[in-house]
Amino acid sequence: MTDTLLIDTDVLIDFSRGIEKAKSKIKTFEVDHTLSVSVVTQLELMVGCENKADFKALQKFLNNFDIILINHAVSERSVQLFEKYRLSHGVQIADMLIAATAIEYDLALLTKNQKDFRFIKDLKLLKY
């Protein structure tokens, strides 16, 4: 049985730009992990699309990943995380939704932005 891994938006952006470190990390993990992204990451990537061709290419790319939707538990956890860390760490909504998804589904999170997540208890953060 393979483990599922949640990949943050920043890693996928680097991958799409051909950055070797991101390509290598994803290739290494895809051997024995199911790769997934939060629907929040899907939306963040869609923001960068400028035309229908971009949307089509993005959809094709995202077909390589399981998309994890936001459910009630993720919503509640993200609000808790936001309340706890907004003033002390200046967290962003999207990051708390992604962190809550990883926690609620018991997934490790692969991200470049360690500083945005390293203080969150119960989050399994992988080094980039």
Report task. Identify which one of I103, D95, L109 satisfies the side chain to side chain contact (heavy atoms under 4.5 Å, CB included) criterion when paired with I120. Result -> I103
Report summary line: Only residue of L5, T34, T4 satisfying side chain to side chain contact (heavy atoms under 4.5 Å, CB included) with L107 is T4
Requested in this report: Output every pair passing side chain to side chain donor-acceptor pair (under 3.5 Å) with a member in residues 18-29, not counting sequence neighbours, ordered by first then second residue.
Outcome: none
Requested in this report: Could you state whether V74 and L69 fall into the same hydrophobic cluster, counting links through intermediate Ile, Leu, Val, Met, Phe, Trp or Tyr residues with side-chain heavy atoms under 4.5 angstrom apart?
Outcome: yes
If you take all heavy atoms of [X] and [Y], which pair is closest and at what distance?
{"X": "S78", "Y": "A100", "result": "N-CB, 3.5 Å"}
{"X": "Q42", "Y": "I67", "result": "OE1-CG2, 3.6 Å"}
{"X": "T41", "Y": "I7", "result": "OG1-O, 4.0 Å"}
{"X": "F55", "Y": "M46", "result": "CE2-CE, 3.6 Å"}
{"X": "L81", "Y": "A99", "result": "CD1-CB, 4.0 Å"}
{"X": "S38", "Y": "L6", "result": "N-CD1, 3.5 Å"}

Got a second to check how far [X]'s [atom1] is from [Y]'s [atom2], nearest 0.5 Å?
{"X": "L126", "Y": "L110", "atom1": "CG", "atom2": "CG", "answer": "6.0 Å"}
{"X": "I98", "Y": "L123", "atom1": "CD1", "atom2": "CG", "answer": "11.0 Å"}
{"X": "C49", "Y": "K56", "atom1": "SG", "atom2": "NZ", "answer": "13.5 Å"}
{"X": "K115", "Y": "H89", "atom1": "NZ", "atom2": "NE2", "answer": "11.5 Å"}
{"X": "D54", "Y": "Q59", "atom1": "CG", "atom2": "CD", "answer": "12.5 Å"}
{"X": "F82", "Y": "L97", "atom1": "CZ", "atom2": "CG", "answer": "9.5 Å"}

Query raised in the report: Would the number of heavy atoms belonging to other residues, nucleotides or ligands and lying under 6.0 Å from CD1 of I93 be above 12?
Result: no
Report task. For Y105, enumerate each residue passing the ring pair (Phe, Tyr, Trp, His ring centres under 6.0 Å) test, keeping only those at least two apart in sequence or located in another chain. Result -> none
Query - With sequence neighbours excluded, residues passing ring pair (Phe, Tyr, Trp, His ring centres under 6.0 Å) with F61 - result: F15, F65
Do [X] and [Y] come within less than 4.5 Å of each other through their side chains, counting heavy atoms only?
{"X": "F119", "Y": "V91", "result": "yes"}
{"X": "L62", "Y": "L58", "result": "yes"}
{"X": "D8", "Y": "F117", "result": "yes"}
{"X": "I68", "Y": "V39", "result": "no"}
{"X": "D3", "Y": "D32", "result": "no"}

Query raised in the report: Are side-chain N/O atoms of D66 and S36 paired as donor and acceptor at under 3.5 Å?
Result: no
Query - Test side-chain contact (heavy atoms from CB on, under 4.5 Å) applied to D116 and T111, step by step - result: CA-CA 9 Å; D116 294 341; T111 183; over 6 Å; no
Query raised in the report: Can R86 and E83 be said to form a side-chain contact (heavy atoms from CB on, under 4.5 Å), step by step?
Result: CA-CA 6 Å; R86 177 62 186 159; E83 286 176 344; over 6 Å; no
